[in-house]
Amino acid sequence: MAEDMFLLWGSGSPPCWRVMIALEEKNLQGYQHKLLSFEKGEHKSKEVFDVNPRGQNQFKSQGNQLIPSDQAGFALVYQRMIEAPNAQQKMIDVLLYNFHTPEEERQEAALKKKNEAATTEFQLWEGYLQKTGPYMAGQNFSLADVAFFPTLALAFRLGLSQNKYPKLAEYHDFLKDRPSIKATWAQHWLENPPFKSPPLAIL
């Protein structure tokens with residue numbers, strides 16, 4: 001089955017990483033793939049836009065179960081999975097303002113508002129782990145973790161304080177050596193150290 005798949009991906013991209021973790025969890029290694037360069041704009045090429053993004057999961061019974069069978073667990077996993085993009089967007093809002101707003105147009109009040117929104121978002125996820133743990137939706141690794149972990153890993157790489165979010169830091173350290181995550185970790189993260197002046201350190 002995996003040999004018939006073709007994955008277009010970008011190194012360090014949370015959306016791509018989610019797919020790669022899920023494929024590993026479902027024992028679908030050996031698929032064909034092409035690494036895209038964000039710097040060259042390859043992620044916006046016709047080749048990418050021609051791909052239908054609404055594929056269906058044909059591998060429910062294969063590999064690790066990522067969706068609980070019980071109704072309450074099923075609901076919680078989907079709730080967390082749907083919420084996960086909020087954390088990514090709040091992080092992106094801070095990054096875009098810092099990196100793409102001309103210095104003469106920056107307003108302290110606007111940046112403060114974005115920082116506070118991102119902080120509140122990550123505090124929310126910190127609280128989720130305090131209630132459920134060790135995984136984001138209970139006692140088992142699920143699609144909730146597939147959806148959230150890549151954003152968290154990128155946030156920590158960009159300077160999110162592990163001291164301010166001890167549960168998230170514990171969760172990150174707990175999952176980073178999981179085979180599916182370790183096998184799909186961004187190679188350039190291993191080769192290059194984190195930022196000297198991390199843009200999310202203020203959070």
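Since we're looking at a predicted model, the values are computed, not measured.
Transitive grouping of hydrophobic side chains (ILVMFWY, heavy atoms separated by less than 4.5 Å) brings F148 and I67 into a common cluster. Both V94 and L152 sit in one connected hydrophobic cluster of ILVMFWY residues. Membership requires side-chain heavy atoms under 4.5 Å apart, directly or through other members. By the criterion of side-chain heavy atoms lying less than 4.5 angstrom apart, applied directly or through intervening Ile, Leu, Val, Met, Phe, Trp or Tyr residues, L124 is grouped together with M91 in one hydrophobic cluster.
Taking the six-membered ring wherever Trp is involved, the centroid distance between the rings of Y135 and F174 falls below 6.0 Å. Taking the six-membered ring for Trp, W17 and W9 have ring centres at least 6.0 Å apart.
The shortest distance between side-chain heavy atoms of P134 and Q139 falls below 4.5 Å. Two residues are said to be in side-chain contact when any heavy atoms from C-beta on lie closer than 4.5 Å; I92 and Q89 meet this criterion.
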- Task: Walk me through it: do R157 and N192 pass the test side-chain contact (heavy atoms from CB on, under 4.5 Å)?
- Result: CA-CA 11 Å; R157 178 173 172 81; N192 301 303; 4.1 Å; yes

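Contact between F122 and A155 at its shortest, heavy atoms only, is CZ-CB, 3.9 Å. Nearest heavy-atom pair across R18 and P150 is CG-CG, 3.7 Å. The two atoms that bring A87 and T151 nearest to each other are C-CG2, 4.0 Å, heavy atoms only. Closest heavy-atom contact between I181 and L175: CD1-O, 3.4 Å.
Within 6.0 Å of the CD atom in Q130, the count of heavy atoms belonging to other residues, nucleotides or ligands exceeds 12.
The distance from atom CG of L154 to atom CH2 of W189, rounded to the nearest 0.5 Å, is 4.5 Å. With rounding to the nearest 0.5 angstrom, the CE atom of M5 is 13.5 Å from the NE2 atom of H33. Going from atom CG of L200 over to atom OG1 of T119 covers 9.5 Å, rounded to the nearest 0.5 Å.
With hydrogens and angles disregarded, no donor-acceptor distance shorter than 3.5 Å links the side chain of E3 to the backbone of Q32. Of the possible donor and acceptor atoms, one in the side chain of E126 sits under 3.5 Å from a partner among the backbone N and O of L168. Distance alone, capped at 3.5 Å, is enough to place a donor-acceptor pair between the K26 side chain and the N64 backbone.
Salt bridge annotation for E24-R178: absent, with no cationic side-chain nitrogen under 4.0 angstrom from a carboxylate oxygen.
If you check the side chains of Y171 and D145, you find a donor sitting under 3.5 Å from an acceptor. In this structure, a donor-acceptor pair under 3.5 Å is present between the side chains of E83 and Y128.
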Return a table of donor-acceptor pairs under 3.5 angstrom between the side chains of residues 100-109 and protein atoms on other chains or two or more places apart.
{"unit_1": "T101", "atom_1": "OG1", "unit_2": "Y97", "atom_2": "O", "d": "3.1"}
{"unit_1": "R106", "atom_1": "NE", "unit_2": "T101", "atom_2": "O", "d": "3.0"}
{"unit_1": "R106", "atom_1": "NH2", "unit_2": "N98", "atom_2": "O", "d": "2.2"}

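Remark: A169 pairs with F156, Q162 by the side-chain contact (heavy atoms from CB on, under 4.5 Å) rule, at least two apart or across chains.
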